[in-house]
Amino acid sequence: MIKISFPDGSSRDYESPVSGLSIAQSISPSLAKKCVAVKVDGELRDLNRPFSHDAAVQLVTETDPAALEILRHSAAHLLAEAVRSLYPAAKFGVGPAIEEGFYYDIDLGEVVLTEGDLPAIEKAMQKLAAENKAVVRREASKAEALAIFDSDPYKTELIGALPEGETITLYSQGNFTDLCRGPHLPSAKWLRYFKLTSLAGAYWRGDSKNKQLTRVYGTAFYTEKELADYLFLVEERKKRDHRKLGKELGLFMLSEFGPGFPFWLPKGMILRRELESFWYKVHLKEGYQLIQTPIMLNKDLWVISGHWMNYRENMYTSTIDDMEFAIKPMNCPGGMLVYKRDIHSYKDFPLKVGELGLVHRHEASGALNGLFRVRNFTQDDAHIFMTEDMIVHEIQELVRLYEYMYSVFGLSYHIELSTRPLEKYIGDIATWDRAEKALADALNAIGKPFKINPGDGAFYGPKLDFKLRDSMNRIWQCGTIQLDMNLPERFDLTYIDANGEKKRPVMLHRALFGSIERFIGILIEHYAGAFPTWLAPVQVKVIPVNNAFHLAYGKELIKQFIDNDLRVEIDDREEKLGYKIREAQTLKIPFQLVLGDKEVLDRTVTYRRYGEQEQTTLPIADFIALVKSEKPKSN
RNA sequence: GCCGGAAUAGCUCAAUGGCAGAGCAACUGAUUUGUAAUCAGUAGGUUGCAGGUUCAAGUCCUGUUUUCGGCACCA
């Protein structure tokens with residue numbers, strides 16, 4: 001007899017051996033039907049895998065988050081089985097579950113798969129799933145596994161990398177067998193609501209030196225409704241795409257004459273300038289000084305900074321009077337020269353110097369993506385010079401500032417600590433270790449959780465990355481705080497300490513939005529183009545009911561609005577009211593004012609907010625005050 | 001950069017290898033309108049670019065540029 005305990009604290013005795021399934025059946029047959037896996041002492045296992053020891057058991061049903069991953073993982077196997085049936089020569093790489101579904105990487109040899117082939121594969125999957133073959137787990141030694149997969153070079157490579165003596169598990173459904181850690185669904189009967197979504201190339205083992213395989217993406221759910229909801233969400237995301245909205249709302253454009261170099265249109269320029277003004281205001285209040293450094297500087301400077309050695313392939317260069325120059329990919333070296341202009345005292349610290357600096361980076365052509373990934377962008381940069389013992393406090397101050405700024409936009413984020421790169425880095429390892437520790441200490445001291453991202457630091461120092469999640473559910477790096485003990489050394493920065501001696505300062509590089517361009521792209525999608533009043537390019541649209549009787553009043557109003565710094569447009573076209581209202585709505589203007597006899601007579605305005613039906617009538621001055629009041633809370 | 005799609009009017013999209021079209025926007029006129037599209041007319045194009053095949057190319061082929069979905073890289 002063995003003792004099985006359950007999450008609710010109860011326990012029961014069983015005849016050994018048991019399995020998740022037999023336990024579930026002993027409780028209730030209907031429960032057994034809903035179970036897809038089992039957690040034994042916290043370890044996720046196949047439902048029908050027997051065991052014979054006392055254990056804490058948790059049955060995993062369809063609604064458990066772990067169950068979705070299992071479903072998708074099994075869907076990936078089903079995909080592979082279907083592909084093998086249609087393309088017998090296919091060689092398989094890996095096929096994991098991912099956040100929104102699953103994929104399988106496949107080498108199809110000479111065969112080129114297109115999106116048009118997906119329905120046929122999907123159909124084959126459905127047919128195989130309907131056969132409801134049992135999924136069988138078995139264990140094998142390394143030698144056995146190598147023999148089984150001897151015609152699958154990718155699988156043998158994976159098996160070869162496993163440590164000697166490790167038990168290798170295989171899962172079979174029908175005559176299709178895959179190398180897999182598991183667990184899996186007990187059978188394919190659960191696989192009903194899935195869809196193959198897209199196709200892409202992907203490097204074997206994620207390394208661009210390796211061959212590229214064909215990756216088939218799909219998603220799967222337990223219910224038809226969840227699948228439909230997901231597909232609906234994907235459509236909704238497309239509607240929010242900042243490239244589409246940017247075009248429709250006249251915010252920015254891209255030209256094939258300058259791939260990756262965005263053009264700002266008048267409406268986008270207003271949005272951008274509002275955002276920058278806000279940034280300047282907040283930073284002045286936080287005690288920052290502001291500078292601007294040149295776009296282009298002599299190569300010798302980049303040699304000193306280390307960029308020439310470590311960042312050369314991303315830099316644009318040119319020759320001026322027979323001397324080589326580079327367009328800045330970062331603002332820091334220029335900032336260093338500004339620091340060196342003066343002698344600094346410890347009393348000046350922390351010295352916070354900000355710059356909205358336009359940088360250019362030669363990004364890979366395939367990486368370009370609207371405003372999210374461009375070749376020139378404005379970093380909302382700052383360099384903070386200080387003594388080493390000020391680091392922890394300054395980082396805490398920054399985290400507080402970032403938290404405030406993101407909260408203004410209602411954006412959520414998480415922090416990652418990126419450590420020293422394995423190859424390209426400057427300075428000695430002890431200095432790096434100290435810097436990494438300082439960053440971690442600062443976050444720990446204020447209880448901010450963070451994840452470690454090994455080897456992802458900048459070449460000159462470790463960094464904290466602030467990752468924002470956009471409406472497309474993609475994660476974007478925005479804010480960053482980088483601790484640099486190397487550049488001050490390379491530029492021989494000094495300050496005078498309390499004893500009158502020259503000392504070396506440390507420096508933080510930091511950007512809050514990261515890139516103004518990317519941040520605006522995120523905002524466009526976040527707000528779906530319906531910006532808060534303070535950012536909206538046009539805040540108020542004035543619509544006279546009948547130009548003959550109401551236009552004069554409208555013109556009088558917009559003069560008053562403009563005098564009060566409201567951004568306003570008047571629609572004086574000879575169109576029906578409904579037509580003009582529709583347009584104001586599609587342009588997502590926060591306030592639309594309809595002027596008719598009533599308003600002219602009472603000298604009032606009647607407004608309707610974007611997205612609402614309610615109409616409100618106010619005296620002119622009250623309306624102006626209302627619009628002006630819609631500003632971000634202050635820091 | 002790599003793999004696979006796509007590129008036609010300002011926008012969204014049609015067009016068996018056989019006369020390049022529609023809707024919206026623009027412009028003109030009529031209509032004078034109270035909360036999401038009034039009616040009629042006009043104009044708009046070297047089908048991304050460069051070659052090729054063909055009696056004939058938006059359509060087929062080659063190259064190239066841009067762009068989309070990923071991969072790799074990254075703010």
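Hydrogens, waters and symmetry mates are skipped; everything else that's a heavy atom, side chains included, is used. Each chain gets a letter, A, B and so on, in the order the sequences are listed, and its residues count up from 1. The shown structure was predicted, so the numbers you read here are calculated from the model rather than taken from an experiment.
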> Using atom P of each nucleotide, how far apart are B:G69 and B:C13 to the nearest Å?
Replying inline: 14 Å

> Using the C1' atom in both, what is the distance from B:A15 to B:U47, to the nearest Å?
Replying inline: 11 Å

> Base, sugar-phosphate, or nothing: which does A:Ala511 touch, judged by heavy atoms less than 4.0 Å apart?
Replying inline: nothing

> For A:Ala90 and A:Arg84, which heavy atoms make the closest approach, and how far apart are they?
Replying inline: O-NH2, 3.0 Å

> Can A:Glu583 and A:Arg573 be counted as an ion pair, charged N to O under 4.0 angstrom?
Replying inline: yes

>> Between B:U12 and B:U16, how many Å separate the two C1' atoms, rounded to a whole number?
In response: 25 Å

> What nucleotide, of B:A75, B:G69, B:C71, holds the atom closest to the side chain of A:Ala202?
Replying inline: B:C71

> Is A:Gln592 side chain donor-acceptor paired with the B:U35 base, going by distance under 3.5 Å alone?
Replying inline: yes

> To the side chain of A:Ala364, which of B:A75, B:G34, B:G1 is closest?
Replying inline: B:G1

> Tell me: CD1 of A:Ile106 to P of B:C71, nearest whole Å?
Replying inline: 16 Å

> Contact class for A:Ser365 (heavy atom, under 4.0 Å): base, sugar-phosphate, or nothing?
Replying inline: base

>> Tell me whether A:Gln292 at atom CD has more than 12 heavy atoms from other residues, nucleotides or ligands lying less than 6.0 Å away.
In response: no

>> Heavy-atom count check: over 12 atoms from other residues, nucleotides or ligands less than 6.0 Å from A:Glu612 CD?
In response: yes

>> For A:Asn376 and A:Asp207, find the nucleotide of RNA chain B closest to each by heavy atoms; which residue's nucleotide sits nearer the 5' end?
In response: A:Asp207

> Would you call the rings of A:Tyr316 and A:His362 parallel, tilted or perpendicular, where under 30° means parallel and over 60° means perpendicular?
Replying inline: perpendicular

>> In whole Å, measure the gap between the C1' atoms of B:U53 and B:C60 for me.
In response: 8 Å

> So does A:Arg215 reach the base of B:C71 with its side chain, donor to acceptor, closer than 3.5 Å?
Replying inline: no

> When rounded to the nearest Å, what value does the distance between C1' atoms of B:C27 and B:A6 take?
Replying inline: 32 Å

> How would you label the contact of A:Glu115 with the nucleic acid (heavy atoms, under 4.0 Å): base, sugar-phosphate, or nothing?
Replying inline: nothing

> So, is A:Thr214 near the phosphate of B:C3, with a side-chain N or O under 4.0 Å from OP1 or OP2?
Replying inline: no

>> Is A:Asn546 close enough to B:U31 that one of its side-chain N or O atoms is under 4.0 Å from OP1 or OP2 there?
In response: no

>> Just the rounded figure in Å: distance from P of B:A37 to CD1 of A:Ile581.
In response: 9 Å

>> Does A:Phe513 reach a base, just sugar-phosphate, or nothing at all? Heavy atoms under 4.0 Å.
In response: nothing

> Which whole-number value in Å describes the distance from A:Leu196 CG to B:G5 P?
Replying inline: 17 Å

> In whole angstroms, how far is the P atom of B:U12 from the NZ atom of A:Lys239?
Replying inline: 16 Å

> Using 4.0 Å as the upper bound for N to carboxylate O, is an ion pair formed by A:Glu100 and A:Arg237?
Replying inline: yes

> Which whole-number value in Å describes the distance from A:Asn547 CG to B:U31 C1'?
Replying inline: 13 Å

>> For B:A25 and A:Tyr579 - does any side-chain N or O of the residue sit under 4.0 Å from the phosphate oxygens OP1/OP2?
In response: yes

> Quick one: which of A:Trp476, A:Phe450, A:Phe466 gives a ring pair (Phe, Tyr, Trp, His ring centres under 6.0 Å) with A:Tyr413?
Replying inline: A:Phe466

>> What's A:Ser208 touching, base or sugar-phosphate or nothing? Going by heavy atoms closer than 4.0 Å.
In response: sugar-phosphate

> Is the shortest side-chain N/O distance from A:Tyr203 to OP1 or OP2 of B:C73 below 4.0 Å?
Replying inline: no

> Reckon A:Gly206 touches a base, only the sugar-phosphate, or nothing at all at heavy-atom distances under 4.0 Å?
Replying inline: sugar-phosphate

>> Base, sugar-phosphate or nothing for A:Gly366? Non-hydrogen atoms, less than 4.0 Å.
In response: base

> Which nucleotide in the set B:G4, B:G34, B:C73 lies at the smallest distance from any side-chain heavy atom of A:Val112?
Replying inline: B:G4

>> Nearest to the A:Glu574 side chain among B:U35, B:U31, B:U67, which nucleotide is it?
In response: B:U31

> Under 3.5 Å, is there an N or O donor on one side and an acceptor on the other linking the side chain of A:Arg243 and the base of B:C68?
Replying inline: no

>> Rounding to an integer number of Å, can you tell me how far A:Asn210 CG sits from B:C2 P?
In response: 16 Å

> Does a nitrogen or oxygen in the side chain of A:Lys247 sit under 4.0 Å from OP1 or OP2 of B:U12?
Replying inline: yes

> When rounded to the nearest Å, what value does the distance between C1' atoms of B:G21 and B:G29 take?
Replying inline: 25 Å

> For the pair made of CD in A:Glu575 and P in B:A26, what is the distance, rounded to whole Å?
Replying inline: 8 Å

>> Is the phosphate of B:U33 approached by A:Arg573 (side-chain N or O, under 4.0 Å from OP1 or OP2)?
In response: no

> NA contact type, A:Asp597, heavy-atom cut-off 4.0 Å: base, sugar-phosphate, or nothing?
Replying inline: base

> Rounding to the closest angstrom, what is the interatomic distance between B:U28 and B:C55 at atom P?
Replying inline: 49 Å

>> Taking the P atom in each of B:C3 and B:U62, what is the distance between them to the nearest angstrom?
In response: 15 Å

>> Does a side-chain N or O of A:Gln212 approach OP1 or OP2 of B:C3 to a distance below 4.0 Å, or not?
In response: no

>> What is the separation between atom CG on A:Leu199 and atom C1' on B:C71, rounded to the nearest whole Å?
In response: 12 Å

> Under a 4.5 Å cut-off applied to non-hydrogen side-chain atoms, are A:Met330 and A:Tyr311 in contact?
Replying inline: yes

>> Using a heavy-atom cut-off of 4.0 Å across all strands, would you classify A:Glu248 as base, sugar-phosphate, or nothing?
In response: nothing

> Under 4.0 angstrom, heavy atoms only, what part of the nucleic acid is A:Gln615 near: base, sugar-phosphate, or nothing?
Replying inline: base

>> Which nucleotide, if any, forms a Watson-Crick or G-U wobble pair with B:U31, using both distances under 3.5 Å?
In response: none

> Does A:Thr586 or A:Ala458 map to a spot on RNA chain B nearer the 5' end, using the closest nucleotide for each?
Replying inline: A:Thr586

>> Applying the side chain to side chain donor-acceptor pair (under 3.5 Å) criterion to A:Thr533, which one of A:Arg567, A:Glu630, A:Arg609 satisfies it?
In response: A:Glu630

> Has A:Lys463 got a side-chain N or O lying under 4.0 Å from the OP1 or OP2 atom of B:A75?
Replying inline: yes

> Should A:Arg361 be listed as having a side-chain N or O under 4.0 Å from OP1 or OP2 of B:C74?
Replying inline: no

